[in-house]
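Note sheet for the following structure.
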Amino acid sequence: MHIDQIVKEKVVEAIGSLYGQTVDTSAVQIQNTRKDVEGDMTVVVFPFLRFSKKAPEQTGEELGKYLTDNVDLVENFSVIKGFLNLMIAQNYWLSVLESAATDDTFGFAQPQKDSPLVMVEYSSPNTNKPLHLGHIRNNLLGYSIGEIIKANGNKLVKTNIVNDRGIHICKSMYAWQQWGEGKTPQSTGIKGDHLVGDFYVLFDKHYKQEINELVEQGMSKEDAEQKAPSIVAARDMLRKWEAKDPEVIELWQTMNQWVYAGFDLTYKELGVDFDKIYHESDTYLVGKDEVFRGLKEGVFYQREDQSVWADLTKDGLDEKILLRSDGTSVYMTQDIGTAKLRFDDYKIDKMIYVVGNEQNYHFQVLSVLLDKLGYDWGKGLHHFSYGMVELPHGKMKSREGTVVDADDLMAEMIEVARKTSEELGKLEGYTDEELNRTYKIIALGALKYFMLKVDPKKNMLFNPEESIDFNGNTGPFIQYTHARIRSVIRKATKKGIQLSFDLDSTLNLSEKEQELIKSLSLYPTVVKEAGDIYSPALIANYIYSLVKEFNQFYHDHTILGEENESVRNFRLVLSQTIADVVKSGMGLLGIEVPERM
RNA sequence: GCCUCGGUAGCUCAGUUGGAUAGAGCAACUGCCUUCUAAGCAGUAGGUCAUGGGUUCGAAUCCCGUCCGGGGUACCA
């Protein structure tokens with residue numbers, strides 16, 4: 001049992017014994033002891049004053065005395081104002097380290113046969129353009145949430161819904177048909193998703209030009225936007241696609257394949273993957289069927305123009321369109337179909353959608369709609385809503401060329417990692433393959449940590465010039481600490497020193513050493529908490545503070561230079577265990593840690 | 001307009017179910033490599049926690065108002 005829990009129970013016991021009152025353990029507040037005060041943990045005594053009917057100091061004294069007398073682990077105490085600071089026996093900390101050091105799955109809950117199955121949807125790209133910075137945040141969050149869910153003993157299915165149909169891909173298709181000159185990824189050497197994205201941009205250029213010309217000829221802007229030849233042609237193409245016109249379908253398949261091949265490379269570089277990928281071209285018809293069923297059952301209604309709507313005003317929401325007047329489906333229709341297919345395919349206990357907060361309303365509506373359609377899991381779906389990534393000059397706008405491309409960004413960062421590593425020159429003796437692998441680990445570590453350390457709910461700012469740092473509160477700093485420890489361990493092994501996990505109980509631990517064990521002991525709680533509130537940031541911040549503390553210890557204590565063998569052994573075990581937790585925690589963020597850097 | 005989320009150091013961010021003197025990093029300045037990796041460590045400086053009230057032993061945290069900003073409110077996705 002964790003020491004916090006033990007102390008809480010004993011405080012409850014003390015309240016009963018001293019003041020004859022019954023309280024719940026949840027009423028006992030325990031916090032970290034201030035740095036400038038001696039003690040390992042602090043009990044807040046204010047909540048108990050109404051039981052003791054005495055001053056804070058006196059109540060603290062009485063509780064402290066009871067705890068030292070009745071709990072072996074509590075060696076001593078002090079009271080400052082209403083705060084009871086407890087000093088915990090050193091042997092306790094040693095035993096914590098021993099169990100952490102020998103537990104391969106320290107901090108993780110193991111999945112059981114009846115563990116819940118959680119499905120996480122993330123990434124969810126459109127097939128008309130390559131992935132950008134916003135997608136990166138989504139992918140990193142989705143992957144990390146998945147790892148955290150697993151670490152909390154759940155079963156996981158990672159899924160992706162690819163939006164492969166609709167007017168957007170038709171725009172790229174039309175532009176390629178008109179001005180593409182038969183270009184392919186092979187003929188141009190351009191990555192498929194980028195090539196298709198280029199035609200999307202080209203479409204927009206022509207479209208804008210056409211609008212301008214029409215407006216000059218005296219047409220209103222609204223009319224011009226509807227009647228420009230390009231958009232008319234793209235719409236026509238979409239209709240043909242829905243009618244399964246062979247020529248259009250073939251072009252669609254060809255261009256989508258280019259995009260998928262491109263996405264696969266980006267996903268691989270980012271280190272994310274999926275167990276099951278759905279395509280909207282497969283799910284939108286299922287969604288339509290569901291909407292028609294809802295219509296038949298009177299859950300939805302049809303207007304005179306044949307469009308189908310859901311009236312959610314009684315649920316505190318608005319009216320929502322589900323099928324257009326021409327019978328084509330909208331975003332919501334597709335999501336309904338996708339949800340149905342997924343629950344047909346898997347026995348899902350919990351569904352999590354990793355989607356930006358601009359769609360909060362959409363998921364509120366989806367939840368109600370699924371519920372109305374008779375799916376009892378509708379209400380339980382969880383929208384993991386994250387904030388946008390902003391650039392120094394505001395939002396990313398593809399038309400203004402301010403989009404930070406995912407592939408470019410990763411490549412640039414790998415280049416920075418390479419330069420930095422070469423300058424520092426610590427990788428002598430590595431093969432080219434090992435070098436490149438290390439550069440990539442560092443570059444991706446920097447990028448991933450940067451994006452995951454901030455609270456997912458909040459918008460974040462990404463400054464391409466400044467955001468990617470390798471010093472301070474960064475991924476590489478954490479990776480560096482891991483490499484440092486591994487280096488010491490390698491040297492120890494070379495010297496023939498073997499680790500013993502049976503620690504000498506007579507050791508005299510320094511303050512920093514005890515602090516470090518205390519920090520280690522928090523890891524399982526942090527993993528649990530991160531799982532409860534779906535927050536990779538919690539893991540990131542924890543690992544950072546652990547590593548920060550370790551570096552202070554490393555600076556002030558020698559490890560291999562220590563002559564006392566049991567002290568040296570203790571420090572090695574401590575260091576190794578910290579390296580393990582760093583590796584484990586970074587793993588939850590999808591970040592690798594190098595042996596050398 | 002209505003709904004919703006946010007505002008903490010020059011900048012980027014932490015800050016536990018309300019708890020002690022609000023913390024990191026970056027940027028600036030100053031020290032520390034003959035010794036286990038200096039991508040490190042230590043120090044200086046930097047704050048009206050947007051703002052005005054309220055709740056209480058105690059508020060960055062909870063409630064109300066105001067100001068500022070993001071997002072949503074589409075037969076876009």
Side-chain angles (χ1 to χ4, degrees), chain A residues 26-27 29-34 36-37 42 44-47 49-50 56 80-83 85 124 126 163 166-168 280 303 305-309 316-318 320-326 328-332 334-335 356-362 364 385 387-388 390 392 394-395 417 420-421 423-424 426 442 446 450 453-455 457-463 466-467 469-481 483-492 495 525 529 533 537-538 540-541 544-545 548 551-562 571-572 575 596-597:
Chain A
S26 62
Q29 292 177 45
I30 292 185
Q31 57 188 24
N32 289 330
T33 306
R34 281 178 59 95
D36 51 347
V37 173
T42 295
V44 184
V45 306
F46 293 108
L49 299 185
R50 60 197 183 99
I80 301 174
K81 292 197 244 173
F83 299 92
N85 309 301
S124 310
N126 291 348
N163 188 0
I167 191 70
H168 53 83
E280 283 193 359
R303 290 187 181 170
D305 63 4
Q306 301 301 303
S307 57
V308 178
W309 295 72
L317 303 167
D318 295 327
K320 194 77 193 173
I321 190 161
L322 299 174
L323 285 178
R324 296 191 185 97
S325 50
D326 64 2
T328 55
S329 65
V330 295
Y331 182 36
M332 190 62 77
Q334 294 160 182
D335 261 359
N357 62 11
E358 68 226 338
Q359 292 187 32
N360 285 354
Y361 184 69
H362 174 83
Q364 238 179 305
S385 161
M388 301 185 321
E390 287 161 356
K395 283 188 76 171
T420 310
S421 292
E423 275 167 26
L424 291 168
K426 295 179 181 178
I442 295 167
F450 181 83
K453 75 174 174 184
V454 323
D455 184 345
K457 289 195 290 288
K458 294 189 178 172
N459 289 355
M460 65 180 296
L461 188 125
F462 185 90
N463 184 334
E466 296 171 14
S467 288
D469 205 336
F470 288 69
N471 302 311
N473 187 357
T474 66
F477 167 67
I478 294 168
Q479 292 172 321
Y480 172 73
T481 308
R484 254 184 162 180
I485 296 174
R486 294 299 304 151
S487 170
V488 173
I489 302 289
R490 275 196 303 276
K491 288 216 161 95
K495 284 186 175 180
T525 318
E529 178 81 4
I533 64 171
L538 228 51
N541 289 322
Y544 173 67
S545 67
K548 180 96 186 136
N551 278 318
Q552 292 163 352
F553 158 79
Y554 182 89
H555 185 263
D556 296 338
H557 301 68
T558 177
I559 300 172
L560 295 176
E562 172 61 41
R571 287 178 185 164
L572 280 166
S575 303
R596 291 171 58 188
M597 69 182 272

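In the text below, chain A, chain B and the rest are named by the order of the sequence lines, each starting its count at 1.
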At under 4.0 Å, does any side-chain N or O of [X] touch on OP1 or OP2 of [N]?
X: A:Arg490; N: B:C36; result: no
X: A:Arg484; N: B:A38; result: yes
X: A:Lys457; N: B:A14; result: no

If you measure from [atom1] on [X] to [atom2] on [Y], what distance do you get to the nearest 0.5 Å?
X: A:Gln364; Y: A:Leu317; atom1: CD; atom2: CG; answer: 5.0 Å
X: A:Asn473; Y: A:Lys453; atom1: CG; atom2: NZ; answer: 4.0 Å
X: A:Tyr331; Y: A:Asn163; atom1: OH; atom2: CG; answer: 8.0 Å
X: A:Ile321; Y: A:Met332; atom1: CD1; atom2: CE; answer: 11.5 Å
X: A:Ile30; Y: A:Thr42; atom1: CD1; atom2: OG1; answer: 9.0 Å
X: A:Ile80; Y: A:Thr33; atom1: CD1; atom2: OG1; answer: 9.5 Å

Using the [atom1] atoms only, state how far [M] lies from [N], rounded to an integer number of Å.
N: B:A28; M: B:G65; atom1: P; value: 44 Å
N: B:C64; M: B:G69; atom1: P; value: 22 Å
N: B:C26; M: B:U21; atom1: P; value: 28 Å
N: B:C13; M: B:C49; atom1: C1'; value: 14 Å
N: B:G47; M: B:G10; atom1: P; value: 6 Å
N: B:G71; M: B:G15; atom1: C1'; value: 25 Å
N: B:U8; M: B:G70; atom1: P; value: 15 Å
N: B:G7; M: B:U12; atom1: C1'; value: 15 Å

Residue pair [X] / [Y], side-chain donor-acceptor N/O under 3.5 Å:
X: A:Ser307; Y: A:Arg303; value: no
X: A:Arg34; Y: A:Asn85; value: no
X: A:Ser385; Y: A:Asn360; value: yes

Decide yes or no, distance alone: a donor-acceptor N/O pair under 3.5 angstrom between the base of [N] and the side-chain of [X].
X: A:Gln334; N: B:A77; result: no
X: A:Ser545; N: B:A24; result: no
X: A:Asp335; N: B:A77; result: no

Nearest listed nucleotide, side chain of [X], among [options]:
X: A:Gln552; options: B:A20, B:A42, B:U16; result: B:A42
X: A:Lys458; options: B:G19, B:G6, B:U37; result: B:G6
X: A:Val454; options: B:A20, B:A14, B:G40; result: B:A14
X: A:Arg324; options: B:U37, B:A20, B:C76; result: B:C76

Tell me the interatomic distance from [X], atom [atom1], to [N], atom [atom2], rounded to whole angstroms.
X: A:Leu538; N: B:C13; atom1: CG; atom2: C1'; answer: 14 Å
X: A:Asn463; N: B:C13; atom1: CG; atom2: P; answer: 11 Å
X: A:Asn360; N: B:A77; atom1: CG; atom2: P; answer: 19 Å
X: A:His168; N: B:C76; atom1: NE2; atom2: C1'; answer: 10 Å
X: A:Glu280; N: B:C76; atom1: CD; atom2: P; answer: 15 Å
X: A:Arg34; N: B:U16; atom1: CZ; atom2: P; answer: 16 Å
X: A:Leu317; N: B:C3; atom1: CG; atom2: P; answer: 14 Å
X: A:Met460; N: B:C5; atom1: CE; atom2: C1'; answer: 17 Å

With a 4.0 Å cut-off on heavy atoms, is [X] in touch with a base, just the backbone sugar-phosphate, or nothing at all?
X: A:Phe477; value: sugar-phosphate
X: A:Asp556; value: nothing
X: A:Asp36; value: base
X: A:Glu529; value: nothing
X: A:Ile442; value: base
X: A:Leu424; value: base

Check: For the residue pair A:Phe450 and A:Phe462, is the inter-centroid distance of their aromatic rings smaller than 6.0 Å?
Finding: yes
Margin query: Base contacts versus sugar-phosphate-only contacts with protein, heavy atoms under 4.0 Å: please encode nucleotides 25-32 of chain B as B, S and - from 5' to 3'.
Written below: SS------
Might you list the N or O atoms of the protein lying below 3.5 Å from N or O atoms in nucleotides 67-72 of chain B, with each pair's distance?
residue, atom, partner, partner atom, Å
B:G70, O2', A:Asn459, ND2, 3.3

Check: What is the ring orientation for A:Phe83 with A:Phe46, classed by angle as parallel under 30°, tilted 30 to 60°, or perpendicular over 60°?
Finding: perpendicular
Check: Ring of A:Tyr554 versus six-membered ring of B:G40: centres under 5.5 Å and planes under 30°?
Finding: no
Give me, pair by pair, the N or O atoms of the protein and of nucleotides 54-62 of chain B that are less than 3.5 Å apart, along with how far apart they are.
none

Item checked: 5'-to-3' dot-bracket of RNA chain B (Watson-Crick, G-U; under 3.5 angstrom; crossing pairs as [ ]; | other strand) -> (((((((..((((.....[...)))).(((((.......))))).....(((((..]....))))))))))))....
Next item on the list: Find which nucleotide of RNA chain B each of A:Val37 and A:Ser487 is nearest to by heavy atoms, and output the residue with the more 5' nucleotide.
Entry: A:Val37
Note to self: Go nucleotide by nucleotide along RNA chain B from the 5' end; which of A:Ser26 and A:Phe553 gets its closest nucleotide reached first?
What the structure shows: A:Ser26
Next item on the list: Can you sort out the partners of A:Ser575 under side chain to side chain contact (heavy atoms under 4.5 Å, CB included), two or more places apart, ordered by chain and number?
Entry: A:Ile485, A:Phe550, A:Phe553, A:Ile559
Next item on the list: Tell me, please, which residues at least two apart from A:Asn459 pass side chain to side chain contact (heavy atoms under 4.5 Å, CB included).
Entry: A:Asn357, A:Met388, A:Glu390
Checklist line | Worked verdict on A:Phe470 versus A:Tyr480 for ring pair (Phe, Tyr, Trp, His ring centres under 6.0 Å) | finding: CA-CA 10 Å; A:Phe470 288 69; A:Tyr480 172 73; over 10 Å; no
Next item on the list: Decide, for B:C33, between syn and anti: a glycosidic angle within 90° of 0 counts as syn, anything else as anti.
Entry: syn
Next item on the list: Apply side chain to side chain contact (heavy atoms under 4.5 Å, CB included) to the pair A:Tyr361 and A:Asp318, showing each step before the final yes or no.
Entry: CA-CA 10 Å; A:Tyr361 184 69; A:Asp318 295 327; 3.3 Å; yes
Note to self: Tell me whether A:Thr328 contacts the main-chain N or O of A:Arg324 through its side chain, where contact means a donor paired with an acceptor under 3.5 Å.
What the structure shows: no
